[in-house]
**Q** 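The structure under discussion is supplied below as structure tokens; questions concerning it will follow.
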Amino acid sequence: MKILVTGGTGYIGSHTVVELQQEGLDVVIVDNLSNSTKDVIYGIEKITGTRPVLEVFDLCDINLTRQLFQKHPDIRAVVHFAAYKSVGESVKEPLRYYHNNILSSINLLKGMMDSGVDHLVFSSSCTVYGQPDKLPVTEEAPLKRPESPYGNTKKVMEDIISDTVSSSGLKAILLRYFNPIGAHESAEIGESPTGIPDNLVPYITQTAIGKRDHLRVFGDDYDTPDGTPIRDYIHVVDLAKAHVVALKRLVDKKNKKDCEVFNLGTGRGYSVLEAIKAFEKVSGGKLNYKIVDRRPGDIVKVWADTKLANRELGWKSGKGLEVMMRTAWNWELKLAGKF
Ligand code: NAD
Ligand code: WQD
């Protein structure tokens, strides 16, 4: 069975390609390499022994998107990761974000419809919940106005997919990720942000390796036990495995609704200071950090209710915070030629 993975040379996509291949599935990747490099397919090959097919083009081009499905008529299902993902950038350049994230997805859906491919797994985000009123947050929680244009592209795409499901044979699973971190145990693939990282863990590892002088901790006066915000960090390999399960659920027709939504988190929250402590423990060094002002738009605390995913997908995250930090650190060491 052939699976199309859009954004498959990216961070979460590459880890998912590994898991799909290890389940014996054939993978075709589409990526325009706007936020990743071709080398990632060699990293995947080192882990699995199979180099995935990589088609380099922009999904915003409808003709190339349609041609892809003609070239690979045996594609049975799609896992759709391709998107821009920087919250800050999306605030500065909303049109670039709406254009890329929405148009590419509409083109993909059109290509799928034309070729009769009717199984889709989509990367959504806990950002659609904003600051939830109740924790842990369930899939039933009301969606809040997203804090950023990026977040809104996820909300809009959930609606577009759900409407397409209602009007066609499409069956979809929307996966709402919490905070994916860490890297593959082999350190052959990991997260490679271009420029200055927005997210906590790449900033921590880049500070520890000496690429950044210090980590700014954005506020310690929140209403949390140590004053710093709380997130549900999940290991990227645990997250990747959930995609394989979701895809099989669709293909084996085990889905209970035509459009299902699942939270992917661990169900446990950690503060920024707890994350730093876990990193210091596994790396064996002190991290240079300073408490600074709050970052505008930051949520105070969020963690997932994972019962639905545990029960319906038969999936559970297994790797703890220290494994997340150790693998993230090994990946940074590998990039520096020290692993
Ligand atoms: P990433 O940037 O590493 O991967 C995305 C890939 O998509 C990149 O390789 C990029 O080159 C490609 N891409 C972007 N636009 C494209 C286009 N128009 N045509 C073809 N390829 C294109 O990001 P990631 O962290 O792996 O995230 C994957 C998905 O998960 C995204 O949809 C993201 O919004 C979502 N998500 C990520 C997080 C997170 O914290 N990393 C959390 C929740 C949801
Ligand atoms: C985590 C915590 C920061 C950097 C973002 C997106 C969200 C989703 C996940 C895609 C926060 C603190 C961070 C730093 C810090 N992505 N921090 N210093 O904000 O939960 O969510 O990624 O859908 O949409 O908004 O993740 O890693 O940026 O921050 O103190 O240099 O670390 O304040 O409390 P966040 P993050």
Side-chain angles (χ1 to χ4, degrees), residues 5-16 29-38 40 54-61 64-65 79-88 90 96-97 99-105 107-108 122-130 146-148 150-151 153-154 157 175-181 189-194 196-204 206-207 212 214-220 222 224 228-234 236 239-240 243 264-265 269-273 275-276 289-302:
V5 180
T6 76
T9 45
Y11 172 46
I12 306 170
S14 56
H15 290 82
T16 303
I29 295 174
V30 170
D31 204 298
N32 65 357
L33 306 182
S34 57
N35 198 36
S36 55
T37 61
K38 190 175 179 233
V40 172
L54 169 62
E55 304 278 3
V56 179
F57 71 88
D58 192 327
L59 287 160
C60 291
D61 185 324
L64 294 178
T65 305
V79 189
H80 180 34
F81 294 103
Y84 293 158
K85 63 162 180 179
S86 162
V87 170
S90 80
R96 193 162 79 82
Y97 267 67
H99 178 92
N100 189 62
N101 292 5
I102 308 288
L103 184 59
S104 59
S105 305
N107 286 348
L108 179 71
F122 175 69
S123 301
S124 190
S125 166
C126 68
T127 192
V128 298
Y129 296 120
E147 292 283 346
S148 69
Y150 162 74
T153 67
K154 292 294 164 195
M157 275 320 304
L175 298 176
R176 292 181 181 153
Y177 313 155
F178 281 66
N179 287 58
I181 61 169
I189 54 173
E191 186 173 12
S192 302
T194 44
I196 302 170
D198 283 333
N199 297 117
L200 179 65
V201 174
Y203 212 106
I204 289 179
Q206 289 196 8
T207 303
R212 313 272 155 218
H214 65 277
L215 171 79
R216 290 168 303 158
V217 173
F218 297 129
D220 68 348
Y222 286 98
T224 61
T228 62
I230 295 177
R231 296 290 184 273
D232 185 341
Y233 298 97
I234 173 163
V236 66
L239 190 78
H243 292 73
L264 295 183
Y270 288 99
S271 73
V272 175
L273 292 179
I276 292 173
Y289 70 86
K290 293 187 178 123
I291 310 287
V292 300
D293 287 347
R294 292 180 177 196
R295 182 170 69 174
D298 260 345
I299 302 299
V300 182
K301 47 189 163 185
V302 64

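Start at 1 and go down the list; that is how both ligands and their atoms are numbered. Since the structure is predicted, the reported quantities are computational estimates derived from the model, not experimental observations.
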**Q** Need the ligand 1 atom indices (1-based, order shown) with element for anything under 4.0 Å from a heavy-atom of Y150.
**A**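 By the 4.0 Å cutoff, the relevant atoms are 33 (C), 34 (O), 35 (C), 36 (N), 44 (C).
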
**Q** Atom 15 (N) of ligand 1: which protein heavy atom is closest, and how many Å away?
**A**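 Protein heavy atom with the smallest distance to atom 15 (N) of ligand 1: N100 ND2, 3.1 Å.
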
**Q** Donor-acceptor check, side chain of N101 to backbone of A83, threshold 3.5 angstrom: yes or no?
**A**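 The answer is no, because no donor-acceptor pair under 3.5 Å joins these two groups.
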
**Q** Give the residue and atom name of whichever protein heavy atom lies nearest to atom 37 (C) of ligand 1, and the separation in Å to one decimal.
**A**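 Nearest protein contact, heavy atoms only, for atom 37 (C) of ligand 1 is I12 CD1, 3.7 Å.
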
**Q** Would you check whether K154 has a nitrogen or oxygen atom less than 3.5 angstrom from a nitrogen or oxygen atom of ligand 1?
**A**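 Yes, since at least one N or O of K154 sits under 3.5 Å from an N or O of ligand 1.
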
**Q** If we only count N/O pairs under 3.5 Å, is F178 in contact with ligand 1?
**A**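 Not met; the criterion fails.
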
**Q** Do any heavy atoms of Y222 fall under 4.0 Å from ligand 2?
**A**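 No, that is not the case, since the closest heavy atom of the residue is not under 4.0 Å from the ligand.
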
**Q** Nearest protein heavy atom to atom 8 (C) of ligand 2, by residue and atom, and its distance?
**A**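 Protein heavy atom with the smallest distance to atom 8 (C) of ligand 2: S125 OG, 4.0 Å.
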
**Q** If you measure from each heavy atom of N179 to ligand 1, is any distance below 4.0 Å?
**A**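 Per 4.0 Å heavy-atom rule, N179 does not contact ligand 1.
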
**Q** Hey, is ligand 1 close enough to L59 that some N/O pair sits below 3.5 Å?
**A**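 N/O-N/O distance under 3.5 Å: yes.
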
**Q** Within the 4.0 Å heavy-atom shell around Y233, which atoms of ligand 2 are there?
**A**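 So the answer, numbered in order with elements, is 1 (C), 2 (C).
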
**Q** In ligand 2, which numbered atoms sit nearer than 4.0 Å to a non-hydrogen atom of Y150?
**A**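 The atoms of ligand 2 under 4.0 Å from a heavy atom of Y150 are 10 (C), 23 (O), 24 (O).
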
**Q** Would you call L239 and P180 a side-chain contact if the rule is heavy atoms closer than 4.5 Å?
**A**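 Yes - at least one pair of side-chain heavy atoms lies under 4.5 Å apart.
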
**Q** If you round to the nearest 0.5 Å, how far is CZ of R176 from CZ of F122?
**A**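 One gets 10.5 Å once the value is rounded to the nearest 0.5 Å.
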
**Q** Within a strict 4.5 Å, meaning less than it, do heavy atoms of the V87 and D198 side chains meet?
**A**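 Side-chain contact under 4.5 Å: no.
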
**Q** Do other residues, nucleotides or ligands put more than 12 heavy atoms under 6.0 Å from the CD1 atom of I196?
**A**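 No, the 6.0 Å shell around CD1 holds no more than 12 heavy atoms from other groups.
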
**Q** So does N32 get a backbone contact from the side chain of D58, meaning a donor-acceptor N/O pair under 3.5 Å?
**A**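 Looks like no, no N/O pair under 3.5 Å.
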
**Q** Any N or O of Y177 that comes nearer than 3.5 Å to an N or O of ligand 1?
**A**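 No: no nitrogen or oxygen of Y177 is under 3.5 Å from one in ligand 1.
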
**Q** Only heavy atoms of F57, strictly under 4.0 Å: list the atoms of ligand 1 that pass.
**A**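 Counting atoms of ligand 1 from 1, those under 4.0 Å from F57 are 19 (N), 20 (C).
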
**Q** May I ask you to list the atoms of ligand 2 that are less than 4.0 angstrom from any heavy atom of V217?
**A**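 Once the distances to V217 are compared, the set is 30 (O).
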
**Q** For ligand 2, which atoms have a heavy atom of P229 less than 4.0 angstrom away?
**A**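 Here the atoms of ligand 2 in question are 34 (O).
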
**Q** How about Y222 and R294: do any of their side-chain heavy atoms sit closer than 4.5 Å?
**A**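 Y222 reaches R294 side chain to side chain.
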
**Q** Which protein heavy atom lies closest to atom 25 (O) of ligand 2, and at what distance to 0.1 Å?
**A**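 Of the protein heavy atoms, V87 CG2, 3.2 Å lies nearest.
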
**Q** Tell me: protein heavy atom nearest atom 24 (O) of ligand 2, and distance?
**A**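 Closest protein heavy atom to atom 24 (O) of ligand 2: T127 CB, 3.3 Å.
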
**Q** Identify which one of I204, L215, T207 satisfies the side-chain contact (heavy atoms from CB on, under 4.5 Å) criterion when paired with Y289.
**A**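 Filter result, single survivor: L215.
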
**Q** Looking at atom 30 (O) of ligand 2, what's its closest protein heavy atom, distance included?
**A**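 The answer is F218 N, 3.0 Å.
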
**Q** Nearest protein heavy-atom contact for atom 19 (O) of ligand 2: which residue, which atom, what distance?
**A**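 It is R295 NH2, 2.9 Å.
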
**Q** Against heavy atoms of L33, which atoms of ligand 1 measure under 4.0 Å?
**A**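 Listed by number with element: 11 (O).
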
**Q** Taking only heavy atoms of S123 into account, list the atoms of ligand 1 that are under 4.0 Å away from them.
**A**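 Matching atoms, with element in brackets: 29 (C), 30 (O), 32 (O), 35 (C).
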
**Q** Considering only protein heavy atoms, which is closest to atom 33 (O) of ligand 2, and at what distance to one decimal place?
**A**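 I find the closest protein heavy atom is D298 OD2, 2.5 Å.
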
**Q** Please name the pair of heavy atoms, one in V300 and one in R231, separated by the smallest distance, quoted to 0.1 Å.
**A**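 Heavy atoms of V300 and R231 come nearest at O-NH1, 3.7 Å.
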
**Q** Is the closest heavy atom of Y177 to ligand 2 under 4.0 Å?
**A**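 False for this residue.
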
**Q** What part of L215, side chain from CB on, backbone N/CA/C/O, both or neither, has a heavy atom under 4.0 Å from ligand 2?
**A**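 Near ligand 2, L215 shows its side chain, while the N, CA, C and O stay back.
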
**Q** In terms of residue, atom name and distance, what is the protein heavy atom nearest to atom 4 (O) of ligand 1?
**A**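 Here the nearest protein heavy atom works out to G10 CA, 3.4 Å.
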
**Q** Going by the order shown, which atoms of ligand 1 are within less than 4.0 Å of some heavy atom of S125?
**A**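 Numbered from 1, ligand 1 contributes 43 (C), 44 (C).
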
**Q** Closest heavy-atom contact between Y150 and K85?
**A**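 What the structure gives for the nearest pair is CE1-CA, 3.5 Å.
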
**Q** When you measure from atom 5 (C) of ligand 2 to every protein heavy atom, which one gives the shortest distance, and what is it?
**A**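 That would be N199 ND2, 3.7 Å.
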
**Q** For S124 and ligand 1, answer yes if some heavy atom of the residue is under 4.0 Å from a ligand atom, otherwise no.
**A**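 Yes, S124 has a heavy atom closer than 4.0 Å to ligand 1.
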
**Q** Provide the number and element of each atom of ligand 1 under 4.0 Å from a heavy atom of G7.
**A**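 So the answer, numbered in order with elements, is 6 (C), 7 (O).
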
**Q** Can you name the closest pair of heavy atoms from I29 and T9 and give their distance?
**A**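 Looking at all heavy atoms of both residues, the closest pair is CG2-N, 3.9 Å.
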
**Q** Taking all non-hydrogen atoms of both residues, which atom of K154 and which atom of S123 are closest, and how far apart?
**A**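 K154 and S123 have their closest heavy atoms at NZ-O, 3.0 Å.
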
**Q** Can you name the closest pair of heavy atoms from V40 and S14 and give their distance?
**A**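 It is CG1-CB, 3.5 Å.
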
**Q** Heavy atom to atom 17 (C) of ligand 1, shortest distance: which of T127, N32, T194, V79 holds it?
**A**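 Comparing heavy atoms across T127, N32, T194, V79, the nearest one to atom 17 (C) of ligand 1 lies in N32.
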
**Q** Is Y11 reaching over with its side chain to a backbone N or O of I181, donor-acceptor style, under 3.5 angstrom?
**A**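 Such a contact is found between Y11 side chain and I181 backbone.
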
**Q** Which of these, D31, T9, T37, has its nearest heavy atom closest to atom 6 (C) of ligand 1?
**A**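 Nearest option to atom 6 (C) of ligand 1, by heavy atoms: D31.
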
**Q** Check each heavy atom of L200 against ligand 2 and say whether those closer than 4.0 Å belong to the side chain, the backbone, both or neither.
**A**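 It is both backbone and side chain that touch ligand 2.
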
**Q** Is K85 in contact with ligand 2, taking contact as a heavy-atom separation below 4.0 Å?
**A**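 No heavy atom of K85 comes that close to ligand 2.
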
**Q** Answer yes or no: does an N/O atom from K85 fall short of 3.5 Å to an N/O atom of ligand 1?
**A**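 It does: an N or O of K85 is found under 3.5 Å from an N or O of ligand 1.
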
**Q** Checking the N or O distance criterion of under 3.5 Å, is ligand 1 in contact with D58?
**A**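 Yes; at least one N/O pair falls below 3.5 Å.
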
**Q** In terms of atom number and element, which parts of ligand 2 are under 4.0 angstrom from non-hydrogen atoms of R216?
**A**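 Within the 4.0 Å cut-off of R216, ligand 2 contributes 14 (C), 15 (C), 18 (N), 30 (O), 31 (O).
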
**Q** Note the single closest protein heavy atom to atom 5 (C) of ligand 1, along with its residue, its atom name and the distance in Å.
**A**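 Of the protein heavy atoms, A83 O, 3.8 Å lies nearest.
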
**Q** Less than 6.0 angstrom separating the ring centers of H243 and Y177, yes or no?
**A**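 So the answer is yes for these two rings.
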
**Q** In the protein, what heavy atom is nearest to atom 3 (O) of ligand 1, and what distance, to one decimal place, separates them?
**A**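 Atom 3 (O) of ligand 1 sits closest to the protein heavy atom Y11 N, 2.8 Å.
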
**Q** Indicate the atoms forming the closest heavy-atom contact of S36 with D31, along with that distance.
**A**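 Taking every non-hydrogen atom into account, OG-OD1, 3.4 Å.
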
**Q** Measure from the side-chain N and O atoms of Y97 to the backbone N and O of G151, and report whether any donor-acceptor pair falls under 3.5 Å.
**A**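 Here the side-chain-to-backbone pair does not exist.
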
**Q** For a side-chain contact (heavy atoms from CB on, under 4.5 Å) check, start with the C-alpha distance between E147 and T127, then their side-chain angles and the critical distance, and finish with the verdict.
**A** CA-CA 8 Å; E147 292 283 346; T127 192; 5.6 Å; no

**Q** To which protein heavy atom is atom 40 (O) of ligand 1 closest, and what is the distance rounded to 0.1 Å?
**A**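 Result: P180 CD, 3.4 Å.
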
**Q** Starting from atom 4 (C) of ligand 2, find the nearest protein heavy-atom neighbour and note its residue, name and distance.
**A**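 The protein heavy atom lying closest is D198 O, 3.5 Å.
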
**Q** Under 4.0 Å, heavy-atom basis, I'd like to know which part of N179 is in contact with ligand 2: side chain, backbone, both or neither.
**A**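 Looking at N179 and ligand 2, just side chain atoms fall under 4.0 Å.
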
**Q** I need the nearest protein heavy-atom contact for atom 2 (O) of ligand 1: residue, atom name and distance, please.
**A**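 Going by distance alone, atom 2 (O) of ligand 1 is nearest to N35 ND2, 2.7 Å.
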
**Q** Using side-chain heavy atoms (C-beta onward) and a distance below 4.5 Å, is N179 in contact with L200?
**A**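 With C-beta onward as the side chain, the pair stays apart.
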
**Q** Please determine if F81 has a nitrogen or oxygen closer than 3.5 Å to a nitrogen or oxygen of ligand 1.
**A**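 Checking ligand 1 against F81, an N or O pair does fall under 3.5 Å apart.
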
